[in-house]
Amino acid sequence: MKNLSKLTALLSAAAMTLSLAACSGGNAASTPAPADTSTPTDTAAPSEGATYTVGICQLVTHDALDAATQGFMDALNEALPGQVEFDVQNAAGDSNTCSTIVNSFVADGVDLILANATPALQAATAATADIPILGTSVTEYGVALNIQGFDGTVGGNVSGTSDLAPLDQQAAMIYELFPDAETVGLIYCSAEANSQYQVDTVKAELEKLGYTCELYPFADSNDAAAVTQTACDASDVIYLPTDNTVASNTGIVDNICQPAGVPVVAGEEGIVKGCGVATLSISYYDLGVTTGKMAAQILTGEADISSMPIAYAEDFTPKYNPVICEALGLTMPENYVAIDME
């Protein structure tokens, strides 16, 4: 009797086990696993959520370069909001400091370098052939980088924007404003290759118009006053190119030329604001904006810097310094725009 009870219990347990197994197998077959609808992270756009570090080397503090840097940062922040960290460094007008700055950018592994002004560009190109470099406030890239037969595209890891204004029209401006003048002195820093290019070009254009021209180079700020005095004594009009060293010494030029009654025409608005009467100039802020848009395309992979041509300003406005013009008794043509002196 006891053995029969044990047998019955064993048979019941076996039946229960078979029933549970069958039940389990039926559920697995009738309820398939849900499909994976998640999006793989590696299929997102390259720029989505990415962050970038951009090193900015600005040669010196003055209105034009400051405006270009600000335009660059504003445009890049608009294109990639919250994705860009800027490391802004100022070389205080020293080319060797430019080299120190860009070498630190290379060591830090920044994603892109903005070189604001020719010496900064030259230092950056010497420091790296791998990190993308965009120049701005650079007049002539072929001259700055010693490229023979420059065709508008640097190639490699370099591109940027040029602040080159129509130099023949700047010469024509001098003739429009001072047709009775006979001598024009062209003052510039001999250490800036682009300044040499500008004064050579403007001198040739002025000589076509009948002026007698003389070049007055100075090596650095230490001899700016002496050279300016010599030029002022010998000239009816002074011309200043878009020269960064001159831009940092406009007070010296103004203190010599204005009391002597010698008007100064310059290549850009910032210099005229400090010591000149008129210019045919570009907007350096807009130039920076253009450069910032180029940077966004490079960082996100939308454009290849090696094939990006140098971008040039298209709009030029004749402007005048109302304070100095009034002091010299000059009346500007109606189409000239007064510079905001604040």
Side-chain angles (χ1 to χ4, degrees), residues 54-81 84 86 88 90 112-118 120-121 124 132-141 144 152-154 158-170 173 194-195 198 240-244 246-247 250 265-274 276 278-300 302-303 305 308-321 335-342:
V54 174
I56 299 177
C57 178
Q58 181 174 317
L59 174 65
V60 68
T61 298
H62 68 72
D63 289 350
L65 300 192
D66 292 349
T69 291
Q70 190 62 57
F72 174 82
M73 295 173 66
D74 288 349
L76 200 45
N77 278 330
E78 181 176 351
L80 302 171
V84 182
F86 297 100
V88 183
N90 192 299
L112 184 142
I113 295 172
L114 174 71
N116 192 346
T118 299
L121 176 69
I133 300 168
L134 287 175
T136 193
S137 311
V138 176
T139 304
E140 225 294 324
Y141 281 75
T153 301
V154 176
V158 180
S159 188
T161 55
S162 168
D163 63 358
L164 180 64
L167 299 176
D168 58 337
Q169 293 181 41
Q170 289 187 354
M173 170 179 278
N194 278 314
S195 296
Q198 290 175 79
L240 305 175
T242 56
D243 183 297
N244 294 295
V246 168
T250 55
V265 174
E268 61 95 4
E269 181 178 335
I271 296 176
V272 170
K273 189 174 181 179
T279 183
L280 183 65
S281 185
I282 65 170
S283 165
Y284 276 81
Y285 180 85
D286 291 346
L287 193 71
V289 168
T290 299
T291 319
K293 291 178 179 178
M294 294 170 71
Q297 292 179 323
I298 294 165
L299 290 172
T300 59
E302 295 178 38
I305 191 171
M308 294 180 79
I310 301 302
Y312 292 83
E314 297 179 355
D315 298 322
F316 306 94
T317 304
K319 294 187 175 183
Y320 71 97
N321 181 323
N335 64 312
Y336 281 55
V337 177
I339 295 172
D340 183 358
M341 300 302 292
E342 295 182 359

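All values below come from the heavy atoms of this structure, side chains included, with hydrogens, waters and symmetry mates left out. In this chain, numbering begins with 1 at the start of the sequence shown.
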In Å, rounded to the nearest 0.5 Å, how long is the span from CE of Met73 to OG1 of Thr291? 13.5 Å

Rounding to 0.5 Å, atoms CG (Leu134) and CE (Met308) come to a distance of 6.5 Å

Please tell me if the side chains of Thr118 and Thr139 come closer than 4.5 Å, counting only heavy atoms from C-beta onward. no

Scan side-chain atoms only and decide if Tyr284 and Asp63 contain a donor-acceptor pair under the 3.5 Å cut-off. no

Assess the side chains of Ser137 and Asp163: does a donor N or O sit below 3.5 Å from an acceptor N or O? no

Considering all heavy atoms of both residues, which atom of Ala266 and which atom of Ile271 are nearest to each other, and what is their separation? CB-CG2, 3.6 Å

Could you check whether any side-chain heavy atom of Leu114 comes within less than 4.5 Å of a side-chain heavy atom of Phe86, counting everything from C-beta outward? no

Rounded to the nearest 0.5 Å, how far apart are CG of Asp243 and OG1 of Thr250? 11.5 Å

Roughly how far, to the nearest 0.5 Å, is the CD atom of Gln58 from the OG1 atom of Thr69? 3.5 Å

Pairwise distance OG1(Thr279) to CD(Glu268) - rounded to 0.5 angstrom: 7.0 Å

Is there a side-chain contact between Ile305 and Leu112, using heavy atoms and a 4.5 Å cut-off? no

Taking atom CG of Asn335 as the centre, report whether more than 12 heavy atoms of other residues, nucleotides or ligands fall under 6.0 Å from it. yes

Check: Asp66 side chain, Thr61 main-chain N or O, donor-acceptor pair, under 3.5 Å: no

Is there a donor-acceptor contact under 3.5 Å from the side chain of Glu269 to the main chain of Ile339? no

For residues Val265 and Gln170, determine if any side-chain heavy atom of one lies less than 4.5 Å from a side-chain heavy atom of the other. no

Just wondering, do Ile310 and Ser159 contact through their side chains at under 4.5 Å, heavy atoms? yes

Of all the heavy-atom pairs spanning Ile133 and Ala124, show the shortest one and how long it is. CD1-O, 3.3 Å

Asp286 vs Asp315, side-chain contact (heavy atoms from CB on, under 4.5 Å): CA-CA, chis, key distance, verdict: CA-CA 10 Å; Asp286 291 346; Asp315 298 322; over 6 Å; no

Between Leu287 and Ser162, what is the shortest heavy-atom contact and its length? CD1-O, 3.3 Å

Side chains of Phe72 and Thr136: does their closest heavy-atom pair fall under 4.5 Å? no

What distance separates Lys293 NZ from Leu76 CG, expressed to the nearest 0.5 Å? 12.0 Å

Around atom CD of Glu78, are there more than 12 heavy atoms from other residues, nucleotides or ligands closer than 6.0 Å? no

Output all residues satisfying side chain to side chain donor-acceptor pair (under 3.5 Å) with Thr153, sequence neighbours left out; order by chain, then residue number. none

Side chain proximity check, Ile282 to Phe316, heavy atoms < 4.5 angstrom: yes

Note, Thr161 side chain near Met294 side chain (heavy atom, < 4.5 Å): yes

